[in-house]
Participant: 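Please see the structure below; I have some questions.
Because the structure is predicted, anything quoted here is derived from the model rather than measured. Here is the naming used below: chain letters follow the sequence lines, and residue numbers restart at 1 for every chain.
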Number of protein chains: 2
Amino acid sequence: MVDESGRHEDAYEAVFSALAHPARRRVLLTIYFNGGSMAAGEIAAVFSHAWQTTTRHLQILEAAGLLSSARDGRMRIYHLERKRLDLVRDWLAHFSITPDPAKETP
Amino acid sequence: MVDESGRHEDAYEAVFSALAHPARRRVLLTIYFNGGSMAAGEIAAVFSHAWQTTTRHLQILEAAGLLSSARDGRMRIYHLERKRLDLVRDWLAHFSITPDPAKETP
DNA sequence: AAAATATTCAGCATGTACGCTGAATATTGA
DNA sequence: TCAATATTCAGCGTACATGCTGAATATTTT
């Protein structure tokens, strides 16, 4: 296991996989620039996909912890979980740890 | 197009897709902690996959710009392109831009 | 030149992702 | 209750990803 603890392996997997699809990255940006929360239908309206396709993307994002949701009447409001993106930052931070200088390329 | 310029759309696609696979994330970390460069065979030795499988992962990482490579005798040396990871940081930085306050959730 | 080493290419099987459509569920309004 | 609205669930087809194996290529060594 490369990760120092192993605790986040599954989380990394979920988050990085979720971010791999352009529509899902765009969902996150869309919600963010809308103030952090949006109804499923509003989000779906941004895309040319069938709305059921967007539903699945939303579920994947929620399963990855990047969104949370709550029913509000007959709508479902999705809320961006910005903190979850820190997982990506954490992973990137590995590349700031100084590696073994003995092997450093000049 | 959500991105302010659109120039990086394909790059985002390549980089985020490349990072979606745990073996490829691990390749990057492995090379990094080895000093930034490793022969294909050395990298493949880290994994339990057939080495041909690792070859393909290396090609995907190189196509995404996360690795570069050069022949050295009968070996191929892969070099980590750390700067390319800035693309991910750039994308994450979108979530630090203050969104329209009128729509801000309290 | 032949053998050994290091890596890549090509093709195959299987599983998953992602688009679609149609049906189902939940809530609201008449 | 019935119709309208908002969303989800289920199933299908296609395409792609990812593992494998075997053959091919390039380089070095004998």
Participant: Does anything in residues 40-51 of chain A come within less than 4.0 Å of DNA chain D? Heavy atoms only, and list the residues if so.
Facilitator: Ala40(A), Gly41(A), Trp51(A)
Participant: Please check the phosphate of dT8(D) (OP1 and OP2 only) for any side-chain N or O of Arg76(A) closer than 4.0 Å.
Facilitator: yes
Participant: Taking 4.0 Å as the cut-off, does a side-chain nitrogen or oxygen of Tyr78(B) come that near to OP1 or OP2 on dT8(C)?
Facilitator: yes
Participant: Would you please name every residue forming a side chain to side chain donor-acceptor pair (under 3.5 Å) with Arg84(A), sequence neighbours left out?
Facilitator: none
Participant: Scan nucleotides 24-30 of chain C nucleotide by nucleotide, 5' to 3', and note B when protein non-hydrogen atoms come under 4.0 Å of the base, S if they reach only the sugar-phosphate, - if neither.
Facilitator: ---BBS-
Participant: Indicate, with a heavy-atom threshold strictly under 4.0 Å, whether Ala39(B) touches base, sugar-phosphate, or nothing.
Facilitator: sugar-phosphate
Participant: Going by side-chain contact (heavy atoms from CB on, under 4.5 Å), name the residues that satisfy it together with Val88(B), two or more places apart in sequence or in a different chain.
Facilitator: Val88(A), Leu92(A), Val15(B), Phe16(B), Leu19(B), Leu92(B)
Participant: Under 4.0 Å between a side-chain N or O of Thr53(A) and OP1 or OP2 of dC20(C)?
Facilitator: yes
Participant: Could you pull out all residues at least two apart from Glu42(B) that satisfy side-chain contact (heavy atoms from CB on, under 4.5 Å)?
Facilitator: Asn34(B), Met38(B), Ala39(B)
Participant: Looking at residues at least two apart in the chain, or sitting in another chain, which of them share a side chain to side chain donor-acceptor pair (under 3.5 Å) with His57(B)?
Facilitator: Arg24(B)
Participant: Just so I know, are the side chains of Leu58(B) and Val27(B) near enough to count as touching, which here means a heavy-atom distance under 4.5 Å?
Facilitator: yes
Participant: Please list, by residue number, the residues of residues 58-69 of chain A whose heavy atoms come closer than 4.0 Å to an atom of DNA chain C; answer none if no residue qualifies.
Facilitator: none
Participant: Does dC18(C) have its OP1 or OP2 closer than 4.0 Å to a side-chain nitrogen or oxygen of Arg24(A)?
Facilitator: yes
Participant: Quick one: on DNA chain D, does Ile77(A) or Arg56(A) contact a more 5' nucleotide (nearest heavy atom)?
Facilitator: Ile77(A)
Participant: Applying ring-ring contact (aromatic ring centres under 6.0 Å, His included), can you list everything that pairs with Tyr78(B), at least two apart in sequence or on another chain?
Facilitator: none
Participant: Determine, using the 4.5 Å side-chain heavy-atom cutoff (strictly less than), whether Ile77(B) and Ile31(B) are members of one ILVMFWY cluster.
Facilitator: no
Participant: By ring-ring contact (aromatic ring centres under 6.0 Å, His included), which residues pair with Phe95(B), not counting sequence neighbours?
Facilitator: Tyr32(A), Trp91(B)
Participant: Measure from NE2 on His21(B) to P on dT16(C) and round the result to the nearest Å.
Facilitator: 12 Å
Participant: Arg56(A): what forms a salt bridge (Lys or Arg N to Asp or Glu O under 4.0 Å) with it, not counting sequence neighbours?
Facilitator: none
Participant: In whole Å, I'd like the distance from the NE2 atom of His57(B) to the P atom of dT18(D).
Facilitator: 6 Å
Participant: Can you find a donor-acceptor N/O pair under 3.5 angstrom joining the side chain of Gln52(A) to the base of dG19(C)?
Facilitator: no
Participant: My understanding is that only residues two or more places apart in sequence, or in another chain, count here; which of them pass side-chain contact (heavy atoms from CB on, under 4.5 Å) with Ser17(A)?
Facilitator: Glu13(A)
Participant: Give the table of side-chain donor-acceptor pairs shorter than 3.5 Å for residues 59-75 of chain A, with sequence neighbours excluded, one pair per line with atom names and distance.
Facilitator:
unit_1	atom_1	unit_2	atom_2	d
Glu62(A)	OE1	Ser69(A)	OG	3.4
Glu62(A)	OE2	Ser69(A)	N	3.3
Glu62(A)	OE2	Ser69(A)	OG	2.9
Ser68(A)	OG	Glu81(A)	OE2	2.8
Ser69(A)	OG	Arg76(A)	NH1	2.9
Arg71(A)	NH1	Gly73(A)	O	3.1

Participant: Check this one for me: any side-chain N or O of Thr55(B) less than 4.0 Å away from OP1 or OP2 of dT8(C)?
Facilitator: yes
